[in-house]
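Values below: every heavy atom of this structure, side chains too, minus hydrogens, waters and symmetry copies. Only a predicted model underlies this, so the values are computations on that prediction, with no experimental measurement involved.
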Amino acid sequence: MGQVIIGVDPHKRSATIEVIDQRERVLHKGRFGTDTDGYQAMLAAGREHTDRIWAVEGCSGIGRHVAQRLVADGETVLDVPAKLSARARVFSTGQGRKTDPVDAHSVAVVALRTPDLRQVIVDDTTVALRLLVDRRDQLGRARTEIVSRLHHLLCTSSSQVKGAGQGMRNLRATWLRSALRRSCRGDA
């Protein structure tokens, strides 16, 4: 099978795709969420075709999030300006009705028939932000784990400390501090 074009009509919460071949025959259609699961499903649907180019409408605007994720995953992405896809929609339907599947088809046809569309490249700012977000998530998980360990240590030790004298409480507090330090270092 030859090269296919995957037209993408992006929105905040969803993206509609249509896969066409060189003769504009529709091979696949679908609507996917833009969350992680939806994006992975959309990527898997596109990767069913080995020789593919993604065409995303408005890569500088609403389509930026989808386009940058695709590029980061090693996909070839073309930026289709909204004006071009609107013209194609009017000419193909005769009335210019705007629905997500019609928009995805128009984007794919424009990418197929228009040479010299801008290829989307990785945006360094987006990469830096993604690294920061991933690090923040990692730190949040580590903090939650440490708090859970501390809570567990305090819960298991509180029953043993009740009724003990002051010297025993101080000894137990010293032990808890050292256990917490070991736990934070990963020695536990």
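Under a hydrophobic clustering in which Ile, Leu, Val, Met, Phe, Trp and Tyr are joined whenever their side-chain heavy atoms come within less than 4.5 Å, directly or via other members, Ile17 and Ile62 fall into different clusters. Note on Leu131 and Leu129: separate hydrophobic clusters, where clusters join Ile, Leu, Val, Met, Phe, Trp and Tyr whose side-chain heavy atoms are under 4.5 Å apart, directly or indirectly. Residues Ile53 and Val19 fall into different hydrophobic clusters, defined by Ile, Leu, Val, Met, Phe, Trp and Tyr side chains chained together at heavy-atom separations under 4.5 Å. In this structure, Tyr39 is a member of the same hydrophobic cluster as Val122, with clusters built from ILVMFWY side-chain heavy atoms closer than 4.5 Å. Note on Val120 and Val80: separate hydrophobic clusters, where clusters join Ile, Leu, Val, Met, Phe, Trp and Tyr whose side-chain heavy atoms are under 4.5 Å apart, directly or indirectly.
To the nearest 0.5 Å, atom CG of residue Leu70 and atom NE2 of residue His65 are 9.5 Å apart. Taking CH2 from Trp54 and CD1 from Ile5, the interatomic distance works out to 11.5 Å, rounded to the nearest 0.5 Å. For the atom pair Ile6 CD1 and Leu78 CG, the distance stands at 11.0 Å (nearest 0.5 Å). Distance check, rounded to the nearest 0.5 Å: CG of Asp79 to CG of Leu117 gives 7.5 Å. A distance of 14.5 Å separates CZ of Arg113 from CG of Leu84, quoted to the nearest 0.5 Å. A distance of 5.5 Å separates OG1 of Thr16 from CG of Asp9, quoted to the nearest 0.5 Å.
Within 6.0 Å of CD1 in Ile121 there are 12 or fewer heavy atoms belonging to other residues, nucleotides or ligands.
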Gln119/Val77 under side chain to side chain contact (heavy atoms under 4.5 Å, CB included): CA gap, chis, key distance, verdict: CA-CA 6 Å; Gln119 184 171 344; Val77 180; 6.0 Å; no
Check against side chain to side chain contact (heavy atoms under 4.5 Å, CB included), Val8 and Glu57: CA-CA 6 Å; Val8 182; Glu57 183 180 37; over 6 Å; no
Step-by-step side chain to side chain contact (heavy atoms under 4.5 Å, CB included) determination, Val66 to Met42: CA-CA 10 Å; Val66 173; Met42 180 182 77; 3.8 Å; yes
Worked check of side chain to side chain contact (heavy atoms under 4.5 Å, CB included) between Arg118 and Cys59: CA-CA 10 Å; Arg118 183 179 72 87; Cys59 291; 4.0 Å; yes
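Residues Val4 and Leu27 meet the side-chain proximity criterion, which asks for heavy atoms closer than 4.5 Å. Looking at Gln3 and Arg52, their side chains never come closer than 4.5 Å, going by heavy atoms from C-beta outward. Residues Leu43 and Asp73 are in side-chain contact: their nearest non-hydrogen atoms beyond the backbone lie under 4.5 Å apart.
Arg69 places a side-chain N or O within 3.5 Å of a backbone atom of Thr34 that can act as its donor or acceptor partner. Although no hydrogens or angles enter the test, the distance criterion places no donor-acceptor pair under 3.5 Å between the side chain of Arg149 and the main chain of Val147.
Minimum heavy-atom separation, Phe32 to Gly38: CB-O, 3.6 Å. Nearest heavy-atom pair across Val102 and Thr99 is CG2-OG1, 3.1 Å. Smallest separation of non-hydrogen atoms from Val107 and Ala55: CG1-O, 3.2 Å.
Partner Asp100 forms a side chain to side chain donor-acceptor pair (under 3.5 Å) with one of Lys29, His105, Arg31 and no other, that one being Arg31.
In summary, Glu75 and Arg47 engage in a salt bridge, as defined by a charged side-chain N under 4.0 Å from a carboxylate O.
Of the N and O atoms on the side chains of Gln138 and Arg141, not one donor lies less than 3.5 Å from an acceptor on the other residue.
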